[in-house]
Number of protein chains: 2
Amino acid sequence: MAEDRRTKRTRRALSDALVALVLERGFTAITVEDVAERADAARATFYSHFQGKEDLFTRVTSDLVAELAERMQPAVTESAIGFTGKPLLELLRHARDERDRYRIVLRGEGDGRPLQMFTDSLARATSEQFRLRAERNGVTPRIDSELLARVWVGEQLAVLRWWVEHDAPPMPAEEVTRMLLELAMHGRYWASGFDAPS
Amino acid sequence: MAEDRRTKRTRRALSDALVALVLERGFTAITVEDVAERADAARATFYSHFQGKEDLFTRVTSDLVAELAERMQPAVTESAIGFTGKPLLELLRHARDERDRYRIVLRGEGDGRPLQMFTDSLARATSEQFRLRAERNGVTPRIDSELLARVWVGEQLAVLRWWVEHDAPPMPAEEVTRMLLELAMHGRYWASGFDAPS
DNA sequence: CTGTTTCTGAACAGAGTGTATGAAAATGCT
DNA sequence: AGCATTTTCATACACTCTGTTCAGAAACAG
């Protein structure tokens, strides 16, 4: 009695319907009725699984976040020594595979709370990465580490948003990673075309 | 007959009430009735000025964006030659003066559309800054310029969000600017404590 | 003071929410 | 295949919020 087939089917259908509808009309513009209808389910059935559309969206997001965390884990520990770009590459690949869910989350649909969840999760992974790297290499940051983490998370999210919103990917994930790695190495001054500072 | 005193008073009261309530309970949790009551106005009065709470929030945001644009303009043209940090500093100062409005916008309240407006405006200013600088110095970017712009906007927003969400500012605006300038000069690799790359 | 504009409170229809119910259908297990 | 259990369904209900209308009261500009 692990799991009834019907509940699994229903939950999946409702989740997919929500994602599709949010993508089409935006979160605030859709109703529970809309979601249920798209999923070929009764409204009462919706409420027997979720408390409301916010609740459903929250679960969709936390599933996404969990999948990402699991997928990034090896890349994070692996790149604990230097700047490899592995975690970022894994993030981009996951976003490519789950493009629709990424788009609605990154757009800040649903009052921005799902995006907040996503951001926090990424921030946690980033902090761990920094911590591990500093520890294993015996280095101490030259600028405030909290600020540094914010900056890096902000960069990743901005690039990610830009990347998933293009119908045809503007450039392959590997190239994005390479560029951000160069940026990390040489700074934005250099990347803008100026020569290295004194 | 330039402007009736009553309309000015009412609009201001409704705007302030909205900002305060969104800060307290979040945009979705408040009703038009709530806003009107807080502003000591009738619900019918609200609707004679705005189409709904989304409309009011949009206007609050576009006012903020307009003020910022006007305030940043001189800093942008002034720093068209090198990396001065002036535009960022002006942004931080504006955020300090208008903290509440910045907080609700940056949190992505109201379906993220206000945040979108803000982001777009900042992106436009940033692009112009880049364009001017590249033109006057005769340099060409070493990595994709659109990606570069996204990264820089993402950084600024992330730092801004972090900065305005602290009750006591974690560090003065001048210091934030200085750190981000160093980051632009030397890169994240250096900032993390590593020596300069080969 | 006077004509004009705005504010007010009340009323109304409509949409969406969240809950409850009993019958019908699908499922898991033996 | 048969049966007990669980899920789904349609319908109904009270409730909140929305958006509009309107006539009288209040505030305004000149």
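The shown structure was predicted, so the numbers you read here are calculated from the model rather than taken from an experiment. Chain letters run A, B, ... following the sequence lines, proteins first and then strands; every chain starts at 1.
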Could you walk me through whether A/D63 and A/R101 pass salt bridge (Lys or Arg N to Asp or Glu O under 4.0 Å), step by step?
-> CA-CA 10 Å; A/D63 286 354; A/R101 287 196 283 168; 5.4 Å; no
Derivation of the side-chain contact (heavy atoms from CB on, under 4.5 Å) call for B/V153 and A/W162 | CA-CA 11 Å; B/V153 172; A/W162 164 74; over 6 Å; no
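With respect to B/E146 and B/R150, a salt bridge is recorded, a charged nitrogen being found less than 4.0 Å from a carboxylate O.
In this structure, a donor-acceptor pair under 3.5 Å is absent between the side chains of B/D55 and B/T58.
Nucleic acid contact for B/D34: none, since no nucleic acid atom lies under 4.0 Å from a heavy atom of the residue. When heavy atoms are screened at a 4.0 angstrom cut-off, B/T31 is found touching the sugar-phosphate backbone but no base atom.
If you take CD of B/E37 and P of C/dG9, they are 11 Å apart, rounded to a whole angstrom. Rounded to an integer number of Å, the gap from A/R5 CZ to C/dA25 C1' is 14 Å.
For A/Y47 and C/dG18, the shortest distance from a side-chain N or O to OP1 or OP2 is below 4.0 Å. Residue A/T10 has a polar side-chain atom (N or O) positioned under 4.0 Å from OP1 or OP2 of D/dT8. Between B/T45 and C/dT8, a side-chain N or O to OP1/OP2 separation shorter than 4.0 Å is present.
Which of C/dG28, D/dT7, C/dA20 sits closest to the side chain of A/A44 comes down to C/dA20. Checking D/dT8, C/dC7, C/dT27 against every side-chain atom of B/H49, the shortest atom distance belongs to C/dC7. Side chain of A/A42, nearest nucleotide from C/dC7, D/dC9, C/dT5: D/dC9.
Taking only distance into account, the side chain of B/R43 meets the base of D/dG19 through a donor-acceptor pair shorter than 3.5 Å. You'll find a donor-acceptor pair under 3.5 Å spanning the side chain of A/R6 and the base of D/dT6, going by distance alone.
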